[in-house]
Every structure is written in C-alpha cells, then in structure tokens.
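Comments concern the structure below.
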Protein chains: 2
Amino acid sequence: MTDTGTLPTATTTTSTRRLRTGQLRTGIAADRDSGSVMSADELAGDLHGVAERRLRRVDQRYTSGRRAIVELLVSARHPVSISDIAEHLPDLPRSSAYRHLTDLQAAGLIRRVAASDEFTRFELAEDLTEHHHHLLCVNCGKVTDVTPPAGFEHQVAGAVSDLAAAQGFQPQSHRLDILGLCADCHER
Amino acid sequence: MTDTGTLPTATTTTSTRRLRTGQLRTGIAADRDSGSVMSADELAGDLHGVAERRLRRVDQRYTSGRRAIVELLVSARHPVSISDIAEHLPDLPRSSAYRHLTDLQAAGLIRRVAASDEFTRFELAEDLTEHHHHLLCVNCGKVTDVTPPAGFEHQVAGAVSDLAAAQGFQPQSHRLDILGLCADCHER
DNA sequence: TGTAGTCTGAGACTGAGTCTCAGTGCAAGC
DNA sequence: GCTTGCACTGAGACTCAGTCTCAGACTACA
C-alpha cells in the first residue's frame, strides 16, 4: 500500500480547500494574547504567527522543527503520515517528529485524521483551513480532500445534532469518509 | 481510556440497529451454493448458516473459534475491540483471535470500524445488520451505533456520489463519525 | 550573566498486530 | 471405516508505529 502521493506534489489532490489566509483575522483575534498589541495587518494571513501564539499560550515555543512540520502540512494540502514526514524532512529525527505532532495537536494547530486502515495522518486544524471531508482509496491508501456544498453540510449538521441529542451525546465534530477506489486504481 | 463498556451489556448502546434476521432470506439467497438445496425456512434467520456459507465459498470452515467471535459481535451490538474479545473470550488465544478476525473480514462477514483514535474495532458487516453510523466519545472511547433517518441517508448518498464523481473516484461505502462526549463524560 | 525550564536527538521500550511452525482436526474420496 | 491432503490451531517469536527516558543544548526572563 503506497503512501498518499509524492509530497508536495499537489496534483494528487484537486481539492478546493485553501488556507484561510483571508479569514485568519477572525481566527487570530481569538488567539490574541490578552495584552499583546499587534495591528490587524500584521495579524492577517500570518499562519505562523497563529502557530506561535497558540504554542505560547500553552507555554511552548514555535521551534524550527515544529515550524517545518507546519510548513509541510501547508504545502501538502492533504493529510500527511509519519512516513511522509520522514520522506520529506529526512533530517528531522523520528522521536522529534512524533513529539512535534503531539505538541502541535495539543496546541490546536493540527488534528489527527482517520485514514482507511492505515497509520495515523495529520492535517492542519479546520479553523486554519476549512471544513472538508476525505476520499479514501482502499487500494492504494491515497487520501483526497473534498469540500462539500454548504447546503449539504447544513443538512449534516442538523442530522448530527439530532442523532447525538437522542443519545445525550454532545457532538464536537464530525467526519464523513468516503471509501472506494481513486481514479488511478479505478481505471485498472 | 476505557473500553466501550462491559460486554455484552447492551445498556451502553441504545441503538435501534437490529440483526437482519427477517431479511436474511434475500442475503442468503446470494450465499446459496450453486447446486445446494435448502428450503427457504431453513435459510431464514440463519446468520450462522450465512457465516458458514461465506467461509466455505473461500474454502474455509466455520470453526468454533470463528463462531465464538461472531456470537460475541452479535451480542455486543456495537463495535468490539481486541481487548473486548480477550475479556469476554478469555480462552481464545490472542493469535487465533487476530486470525479469526482477519478471516471473517476476508469472507465478508465482519468489517473494521475506525474508532476515535484507538485500536481496531470490528462489527458485523452491514448487509447482516443495517446501515448505521457511530458516535465516538473522545474521552472514554465508547462507540455507539446510530441509525440515521432514510431521508438523510438519501441526501448523503447523493452528496457522496457527487463529491466522488468530481474526482473520478469510485465510491464503495461511506462512514459518518460523530465525535464528542458521551452522556456519561458529558455530565462530568 | 545566571537560572529555570523548554527542547532536542538517540535510543530504549511498549504493545497491537503479524508471522512461523509443529501438531491437530476435518472433510472428501475411496 | 480408513486414508490423505489441507485447513486450522496455540504458543511464542517477530515487527514496527508510537511512546518514553535522559543527558545535554537552547531559550527567555530577571
């Protein structure tokens, strides 16, 4: 089972998902340290600034290693596995990679993604990108991002709310994974 | 992180999912060996008969170990992990458990379920139960089955089809996981 | 500058899942 | 009923993704 593609070749993903650079102002406002002073211009579009802020909020630094991971996730445009990281950041020691992922996740910058049946994948947190779902190829393991129409997403939210309420369950997020064969494996 | 509950206590799951005993006739017809003769009455409601047939179709036997796993999945009513199996079938050796699960999955009797971030869980194949989704508690790991309304499922199927077609992706199945806090963890 | 605490890389450790293999069990054919 | 070929089994070795440890380096703050 091969990995999701050759990073950071974006051609394996034709997702319409984009970084929310134009919308980060709102997100960053939530990241503002109480007391810090920074102009809105400096804040806008500053993903790494957000990263640093969130890490400092939990008494951590935005080190070069952590930054390298974030940059890889940005350029990848789809969920990234540990082996992807090892491949594209060969100088990053394994234990550091794992630790960085854990730290970045704890700081709310990235999230874990369930793959078809494979090892862990990570991607940027949704509030830094946009809500989307995944196509999972059961043959080669490729993961493709897809963004559903707003109307559909509204329907999902309603159903999620109902289903959860019936069980006294407090929903925090949902994921819709579509399993099947990608274009490459389908043609064979 | 605790396991999904004490099997086979069904009270942890209030799912409306039921085994398709009343509908198995159709499914079993598909399982009939070309040439075997069995009355419709004998076929109806015979999950273990289906199990045996499917295994024999791939030149395997429905052994007592495999049957024990199936019975556990039947009584559990929600996805079961390896540790659940070890707990409820203490005499079943570990390597056999793993092997049975692999064999049953290959024969199309069970399927793997993605849990929140935990180890592998299995449940009966959908055509032996019914289409459903899962509530995943991110705190304790409990997995609860929920059956969506038919109308919603129809909407999902349409969206899945569109999203996949846009990528030249051939969809085979989909899953909707709702992550959050179960009733127990929510109250705390 | 000093200090406290975060961070790092190397490598040991863990355990879920996989594999091996000698012996057992089973079903089909005679 | 017997024989035979092959599926099946349990015990335990093995693999590797992920976790943990620790001495030393780095950083931010006073």
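Letters go in sequence order (proteins before strands), and every chain restarts at 1. Keep in mind that what you see is a predicted model, and the values were worked out from it rather than measured.
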With sequence neighbours excluded, residues passing ring-ring contact (aromatic ring centres under 6.0 Å, His included) with B:His100:
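Per chain and number, B:His100 pairs via ring-ring contact (aromatic ring centres under 6.0 Å, His included) with no residue.
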Residues that B:Phe152 engages under ring-ring contact (aromatic ring centres under 6.0 Å, His included), provided they are two or more places apart
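ring-ring contact (aromatic ring centres under 6.0 Å, His included) check on B:Phe152 returns nothing, list empty.
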Both B:Ile82 and B:Arg61 contact DNA chain C. Taking the nearest nucleotide for each, which residue is further toward the 5' end?
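It is B:Ile82, whose closest nucleotide lies nearer the 5' terminus.
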For [X] and [N], what is the distance between atoms [atom1] and [atom2] respectively, to the nearest whole Å?
X	N	atom1	atom2	answer
A:Arg112	D:dA17	CZ	C1'	11 Å
A:Tyr62	C:dT6	OH	C1'	17 Å
B:His100	D:dA7	NE2	P	16 Å
A:Arg99	D:dC26	CZ	P	15 Å
A:Leu55	D:dC26	CG	P	20 Å
A:Asp59	D:dC29	CG	P	11 Å
B:Gln105	C:dT18	CD	C1'	14 Å
A:Arg66	D:dT27	CZ	C1'	12 Å

Student check: side-chain heavy atoms of B:Glu123 and B:Leu73 closer than 4.5 Å:
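No. Closest side-chain heavy atoms not under 4.5 Å.
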Can you tell if the side chain of B:His78 reaches within under 4.5 Å of the side chain of B:Thr144, non-hydrogen atoms only?
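SC-SC contact between B:His78 and B:Thr144 ruled out.
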Counting the benzene-type ring for Trp, do B:His186 and A:Phe169 have ring centres under 6.0 Å apart?
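Not close enough - the centres of the two rings lie 6.0 Å or further apart.
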Taking only the side-chain nitrogens and oxygens of A:Thr63, find out if one of them lies under 4.0 Å from OP1 or OP2 of C:dT8.
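It does, given that an N or O in the side chain of A:Thr63 lies less than 4.0 Å from OP1 or OP2 of C:dT8.
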Could you check which residues of residues 91-98 of chain A get a heavy atom under 4.0 Å from DNA chain C? Sort them by number, please.
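Of all residues in residues 91-98 of chain A, the ones placing a heavy atom under 4.0 Å from DNA chain C are A:Pro93, A:Arg94, A:Ser95, A:Ser96.
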Angle between terminal axes - the helix from C:dT1-D:dA30 to C:dC30-D:dG1, 5 pairs each end, rounded to 10°
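End-to-end axis angle for the helix from C:dT1-D:dA30 to C:dC30-D:dG1: 30°, rounded to 10°.
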Got a sec, which pairs hit side chain to side chain donor-acceptor pair (under 3.5 Å) with one end in residues 150-166 of chain A, sequence neighbours left out?
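Qualifying pairs, neighbours excluded: A:His131-A:Glu153, A:His133-A:Glu153, A:Glu153-A:His174.
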Under a 4.0 Å N-O cut-off, is there an ion pair linking B:Arg54 with B:Asp127?
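Looking at B:Asp127 together with B:Arg54, the answer is yes, because their closest N to O distance falls below 4.0 Å.
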Could you give me the CA-CA distance, side-chain angles and deciding distance for B:Gln105 and B:Arg111, then say whether side-chain contact (heavy atoms from CB on, under 4.5 Å) is met?
CA-CA 6 Å; B:Gln105 186 179 2; B:Arg111 69 172 179 173; 5.5 Å; no
Would you mind listing every salt bridge (charged side-chain N to carboxylate O under 4.0 Å, His left out) that reaches into residues 96-109 of chain B, with sequence neighbours excluded?
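Listed by first then second residue: B:Arg66-B:Asp103.
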